[in-house]
Amino acid sequence: MPNPYDAIIIGTGAGGGALARELALAGKNILILERGNFMPQEKLNWDTSAVFLDNRYHTREVWQDKDGNDLHPQQAYFVGGQTKVYGAALFRMRAEDFGVIQHKGGISPAWPIGYADLEPYYTRAEELYHVHGDLGDAPSVPGGYGSSFDPTEPFHSKKYPYPSFGNEPHMASIEVAVRKLGVNTFPIPLGLKRNAADPLASKCIRCDTCDGYPCLLHAKSDADINCIREIMHLPNVTLMTNSRVLWMLTNSTGTAVTAVEVEHVGPNHVGQQKGIARYEAGFFCLCAGAVNSAVILLQSTSDKHPRGLANNSSDQVGRNFMYHQADALLAISTQKNDDSYTKTWGTNDFYLKDSDPAYPFPLGQVQPVGSFHFEMMKGDAPAFTPGFVLETMKQHAVPWWLTTEDLPDPNNRVTVESAAPSSLPSPQPGLFGPHGSGDTGLVNEAGTVPIAAPRHIKLSYTPNNVESFDRLKDRWVQVLKEAGHATTSLPLHAYFKKRIPLEGVGHQNGTCRMGSDPHTSVVDANCKAHDLDNLYIADASVFASASAVNPSLTIIANAIRVADHLLAERLR
């Protein structure tokens, strides 16, 4: 009897959503498994205290760190995954990021593919996610267009599909001031559905509740809206929400995956009831994120795979976890900031080198944070600080987001306490099926999500490349002060819960890295597991290095590339 599904896709985030869309539109019969439900479209989407202080849209799962301390990850288990709450900054990695780069903290290794291999897929990803950007005069370069704004920007075969966001007055004044100092700035590529020429017809309203918030208007491009809802009603697509994959099963020789066992915690919109079920397919595509993809593989032990699936040749599954050296820096000046949306320009002048020739190492990227409210400062302020004091500070501040590359280290890794995938149901806001607009309010607690038992997942991590990150902060504060836009600066800890600590895993990557050598990598250049004939991984876990830009566009582009490979070579 033939398998009921051509492919099973696990996860609906940046990778899973794009991969599912490509296979579905090609007519393949696919099953999509998502542990979460649909995120509610409610007023609390834009409530700062609910989003950042109460963690309304983050899982209640509890992991542990390398010292055995509780870790509360900022994971979003919903259809669309982390893209439901990301900042929608959609950067291409620099061409240099795909090769070997010497950092002060160590080596950033080469990928088995180059920028030219991924460039056509970056273009398709930008079109899929409605990316607004600008290459300026776009000088012709081999392969297409360069950027007249950013010397580090790699070539584009096509220009951005939509125009970039313009500055509001305060950000415009800062950009003019830093350019006078010789700093190159560029418009940030954004996946927001803004029609500046016709604001009345625009989904995006340039609000101050964007970066880190769910979008109440569905104006943020995400894997739910742009991918899953585009295909979920097709006859060849089955989507099961509230469904956690526990492990994968293989054939008797251990050379191919034959099925997944899935825990359903309640009825979903296709009628699947509570319990454990098994599903078979010809191909399996793992897109659960760097941490949870590794967890599923490590839990899938058998006689043929005693250390977990895809782990026999390399013992690499779970290793080389990366998530960036990053921080939000609050620059306070005497000038008032009345801008609503500030994430409009950034600089890569320190991306490939420091301005000090005595320190010949890359530092990283600078961009603003798109949304900022005084409630975000409560965690850093002295106890009993009046709200009006924080509000006054907010009116004179601009939050900046600084990123330095995190380097792969085999000891920075994901492990599980036991191969048995312990689990329990957890309530969270959400709906079992697609929902319309309108406020569902505080009563919308119908969702139940299966999560790992407390401390089942261990995330061991020791920071690296820290000196370059500290230098990047010093360089940018110096620039802002010389430009007259930083009387003082403060680390904005509360916004990302104590300086993008380990629990802030939005930029997670590594753990199942791509490579040509089965002894040092988990998947090959097509993202197929070395040890298995029909298992593909298409999320950030396959990254060989982290670069210093937001990973989402690279995840999406690579997932489209994997889909093209499957359609051309394996699913014909």
Side-chain angles (χ1 to χ4, degrees), residues 14 17-18 21 39 41-43 45-46 48 51 80 82-92 122-136 138 145 147 149-150 153 156 158-175 185-230 337-347 367-373 398-401 436-437 549-550 552-553 556-557:
R21 181 181 181 275
M39 181 176 285
Q41 195 172 3
E42 58 184 358
K43 287 182 180 178
N45 290 165
W46 285 354
T48 302
V51 172
Q82 296 297 107
T83 67
K84 296 301 293 185
V85 292
Y86 75 155
L90 295 171
F91 289 95
R92 297 181 177 207
Y122 273 133
T123 298
R124 287 168 61 180
E126 287 163 350
E127 292 170 349
L128 174 61
Y129 271 64
H130 298 254
V131 177
H132 292 247
D134 191 357
L135 299 174
Y145 303 96
S147 170
F149 296 120
D150 180 6
E153 185 70 33
H156 289 228
K158 292 183 180 180
K159 296 182 181 181
Y160 283 108
Y162 298 93
S164 63
F165 273 47
N167 289 322
E168 294 177 46
H170 190 63
M171 291 306 297
S173 68
I174 301 176
E175 184 173 27
T185 65
F186 61 86
I188 292 178
L190 296 167
L192 301 175
K193 297 168 185 175
R194 174 71 176 172
N195 185 348
D198 186 2
L200 288 176
S202 177
K203 282 191 174 182
C204 174
I205 60 172
R206 285 192 72 123
C207 68
D208 60 356
T209 48
C210 184
D211 197 345
Y213 296 81
C215 183
L216 176 61
L217 302 180
H218 289 172
K220 182 188 298 186
S221 294
D222 63 44
D224 170 21
I225 304 302
N226 288 51
C227 298
I228 299 301
R229 296 201 201 189
E230 293 293 312
N337 177 16
D338 290 322
D339 291 359
S340 291
Y341 184 77
T342 56
K343 199 185 186 98
T344 47
W345 62 267
T347 182
Q367 60 178 281
V369 174
S371 309
F372 180 55
H373 292 265
V398 173
W400 297 93
W401 176 250
S437 61
V549 298
N550 310 48
S552 297
L553 191 72
I556 299 160

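A quick note: this is a predicted structure, and the numbers were derived from the prediction, not measured. What you see below is based on every heavy atom in this structure, not just the backbone, and it leaves out hydrogens, waters and symmetry mates. We count residues from 1, following the sequence as given.
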Sequence neighbours excluded, the answer for side-chain contact (heavy atoms from CB on, under 4.5 Å) partners of A197 is N195

_With no hydrogens and no angle check, just 3.5 Å: does a side-chain donor-acceptor pair link K193 and N226?_
yes

Residues at least two apart in sequence or cross-chain that pass side-chain contact (heavy atoms from CB on, under 4.5 Å) with I205, listed by chain then number, are W46, C207, L217

Applying side-chain contact (heavy atoms from CB on, under 4.5 Å) to A557 and not counting sequence neighbours gives L118, Y121, Y122, A125

inquiry  = With a 4.5 Å cut-off on side-chain heavy atoms, are H132 and P189 touching?
reply    = no

Rounding to 0.5 Å, atoms CD1 (I556) and OH (Y129) come to a distance of 4.0 Å

Rounding to 0.5 Å, atoms CG (D224) and CZ (R229) come to a distance of 4.0 Å

- Task: Applying side chain to side chain donor-acceptor pair (under 3.5 Å), run through T48 and Y213 and close with a yes or a no.
- Result: CA-CA 8 Å; T48 302; Y213 296 81; 2.6 Å; yes

Sorted by chain and number, sequence neighbours left out, side-chain contact (heavy atoms from CB on, under 4.5 Å) with Q367 holds for A89, F91, I188, K343, Q365, W401, N550

Rounded to the nearest 0.5 Å, the CG atom of D150 sits from the OG1 atom of T347 at a distance of 7.0 Å

Residue set satisfying salt bridge (Lys or Arg N to Asp or Glu O under 4.0 Å) with E230, at least two apart, ordered chain then number -> none

Looking only at heavy atoms, the pair that brings M171 and D339 closest together is N-OD2, 2.8 Å

| query | Taking side chain as C-beta onward, heavy atoms only, is V85 less than 4.5 Å from M39? | reply | yes

Residues at least two apart in sequence or cross-chain that pass salt bridge (Lys or Arg N to Asp or Glu O under 4.0 Å) with D134, listed by chain then number, are none

For W345, the ring pair (Phe, Tyr, Trp, His ring centres under 6.0 Å) test, sequence neighbours excluded, returns W400

Sequence neighbours excluded, the answer for side chain to side chain donor-acceptor pair (under 3.5 Å) partners of T123 is R92, E119, S157

Closest heavy-atom pair, A88 versus L192, reported as atoms and distance to 0.1 Å, is CB-CD2, 3.9 Å

Between L216 and Q41, is any pair of side-chain heavy atoms under 4.5 Å apart? yes

In terms of heavy-atom contacts, G17 and I228 come closest through CA-CD1, 4.0 Å

| For Y145, does the OH atom have more than 12 heavy-atom neighbours from other residues, nucleotides or ligands under 6.0 Å away? | no

Across all chains, not counting sequence neighbours, the salt bridge (Lys or Arg N to Asp or Glu O under 4.0 Å) partners of R21 are none

Here the pair of heavy atoms bringing Y341 nearest to G370 is CD1-O, 3.7 Å

Salt bridge (Lys or Arg N to Asp or Glu O under 4.0 Å) filter on R206, not counting sequence neighbours, yields E168

All heavy atoms of A14 vs all of S552, minimum pair found to be CB-O, 4.4 Å

What one should report as the nearest heavy-atom pair of V369 and T342 is O-OG1, 2.6 Å

**Asked** Under a 4.5 Å cut-off applied to non-hydrogen side-chain atoms, are C215 and I225 in contact?
**Response** no

Go through the steps to decide whether E126 and L90 satisfy the test side chain to side chain contact (heavy atoms under 4.5 Å, CB included), and finish with yes or no. CA-CA 8 Å; E126 287 163 350; L90 295 171; over 6 Å; no

Donor-acceptor contacts under 3.5 Å from residues 158-166 side chains, at least two apart:
| residue | atom | partner | partner atom | Å |
| --- | --- | --- | --- | --- |
| Y162 | OH | H130 | ND1 | 3.3 |

For T344, the side chain to side chain donor-acceptor pair (under 3.5 Å) test, sequence neighbours excluded, returns N167

Assess the residue pair V131 and L190 against the criterion (side chain to side chain contact (heavy atoms under 4.5 Å, CB included)); give the C-alpha distance rounded to whole Å, side-chain angles, the decisive distance to 0.1 Å, and a yes or no. CA-CA 5 Å; V131 177; L190 296 167; over 6 Å; no

